[in-house]
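Throughout, protein chains are lettered first and strands after them, A, B, ... in sequence-line order, and every chain is numbered starting at 1. Side chains are part of it too, since the values below use all heavy atoms of this structure and drop only hydrogens, waters and symmetry mates.
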Protein chains: 2
Amino acid sequence: MTTSKRTSPPEQTALEEAYPTTVEGLVLEERLGYALRRAQLKVFKHFNEAMREHDIRPAQFSSLVVIEGYPGVTQSSLAQTLSIDPPRVVSLINSLEERGLALRVRCKRDRRSHGIFLTKSGEALVERLKGLAERSDLEATQSLSEIERRQLLTLLRKIYVPETQDD
Amino acid sequence: MTTSKRTSPPEQTALEEAYPTTVEGLVLEERLGYALRRAQLKVFKHFNEAMREHDIRPAQFSSLVVIEGYPGVTQSSLAQTLSIDPPRVVSLINSLEERGLALRVRCKRDRRSHGIFLTKSGEALVERLKGLAERSDLEATQSLSEIERRQLLTLLRKIYVPETQDD
DNA sequence: ATAAAATAGTTAGCTATTATAACTATAGTC
DNA sequence: GACTATAGTTATAATAGCTAACTATTTTAT
């Protein structure tokens, strides 16, 4: 199984330090997944830093925003909207409920499902957080112009919502 | 602590089903982190599907590509290049070594560091994988034109490498 | 109307990712 | 030679994404 040997004689290898820390021109720079991960890593780091005092993670923030926009949204609907699997939605809503930010209400029509609502403090918090998130994004993308930021959002949306029309 | 109450009377909530599965016009659509995650999720899913028969994960692929481009690269240099923390690089290279795709060679000049090289089978594999990755990206972004794909890569690169110049 | 199939939510378990802290060995500096 | 810094490693921990299995309900088919 391990019949293959090394590609370069290790004896004559002494220039490791010369390697650049940024990989210009490497095939990797053409890989969309790589670029998306690097960009997301940076944007999320800024986000987490901005939310640190509120102890809110990206998925919690997204949930709060969706619940605010669609009060009474069911867990399955939330899962689909955020591309989060059902088990994770459970723990997500649990944490929001424990912190008094949201609550489940059993649905009368279909007693299998639960509508989710924000509490007063949940509503107050999400209003505050939206401003912080906005500022965080701007900081993380200082190197982009406002036009470029719009372009980027449009292109990304086209990937995950293929039916998206240009603005 | 739990003084706040719900935002809507749950008694009159019976329209959950009417909620859209795609959230158009919601504040969330303006959040860069959200869009990045959704897009990355889709691109990575395609990638993992394309690599399934080879049992190669995104981070392993990136590592192979960098090692191929810079044979003898040290683990710390690899960590910095890929924005992966050192402990993870260890397990990453361990797995590549166990599979006979790469190997560590202790550096003579600085005996603390290890140069990483591809084996013959590692070289053969990465050549094969690069084609698969390319096709996977195209499939995942069918809704984008070639120009838009280039724009997207450029914009993303501007975020994580702020010094990047336009093409 | 009853049996079968589908759905909403939940619990449990696995792997991977990101992040720390602490430790060993080596190298560089005062 | 003592102090400091660096490369790699080990060990934890929290989170994320995925799958299977189970309960309670609803819908569909017979």
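- Atom CG in B/Asn94 sits roughly 11 Å away from atom C1' in D/dG8 (whole-Å rounding).
- For A/Gln151, the side-chain hydrogen bond (donor to acceptor under 3.5 Å, both in side chains) criterion is met by no residue, not counting sequence neighbours.
- Residues in residues 56-69 of chain A take part in these side-chain hydrogen bond (donor to acceptor under 3.5 Å, both in side chains) pairs, two or more places apart or across chains: A/Gln60-A/Ser95, A/Glu68-A/Lys130.
- Rounded to an integer number of Å, the gap from A/Leu82 CG to D/dG17 C1' is 14 Å.
- In this structure, B/Glu97 places its CD atom 9 Å from P of D/dT9, rounding to the nearest Å.
- Relative to the axis of its first five pairs, the axis of the last five pairs of the helix from C/dA1-D/dT30 to C/dC30-D/dG1 sits at 20°, rounded to 10 degrees.
- Nearest heavy-atom pair across B/Thr141 and B/Asp137 is OG1-O, 2.7 Å.
- Residue B/Arg88 is classed as a base contact, given a heavy-atom separation below 4.0 Å to a base.
- With sequence neighbours excluded, no residue forms a salt bridge (charged side-chain N to carboxylate O under 4.0 Å, His left out) with B/Arg128.
- Distance, A/Ile116 CD1 to C/dA8 P: 13 Å, rounded to whole Å.
- For B/Glu53, there are no salt bridge (charged side-chain N to carboxylate O under 4.0 Å, His left out) partners at least two apart in sequence or on another chain.
- Under the side-chain contact (heavy atoms from CB on, under 4.5 Å) criterion, B/Ala59 pairs with B/Ile84, B/Arg88, B/Leu92, not counting sequence neighbours.
- One interatomic measurement links the two molecules: CD1 of B/Ile84 to P of C/dT17, which rounds to 8 Å at whole-angstrom precision.
- Between B/Arg104 and A/Leu92, the one whose closest nucleotide on DNA chain D sits nearer the 5' end is B/Arg104.
- With sequence neighbours excluded, no residue forms a salt bridge (charged side-chain N to carboxylate O under 4.0 Å, His left out) with B/Arg37.
- Put simply, A/Ser113 has no side-chain N or O that comes within less than 4.0 Å of OP1 or OP2 on D/dT25.
- Taking every side-chain heavy atom of A/Arg37 into account, C/dT18 is the closest of D/dA7, C/dG9, C/dT18.
- Salt bridge status for A/Glu30 with B/Arg150: present, with a side-chain N to carboxylate O gap under 4.0 Å.
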Under a 4.0 Å heavy-atom criterion, the protein footprint on nucleotides 20-30 of chain C, written with B, S and -, is BB---BBS---

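- Listed by first and then second residue, the salt bridge (charged side-chain N to carboxylate O under 4.0 Å, His left out) pairs that reach into residues 71-83 of chain B come to none, sequence neighbours excluded.
- Residues meeting the salt bridge (charged side-chain N to carboxylate O under 4.0 Å, His left out) test with A/Glu139, sequence neighbours left out: none.
- Here B/Asn94 pairs with B/Arg104 under the side-chain hydrogen bond (donor to acceptor under 3.5 Å, both in side chains) rule; sequence neighbours left out.
- Of all the residues in residues 41-60 of chain A, A/Leu41, A/Lys45 reach under 4.0 Å from DNA chain C with at least one non-hydrogen atom.
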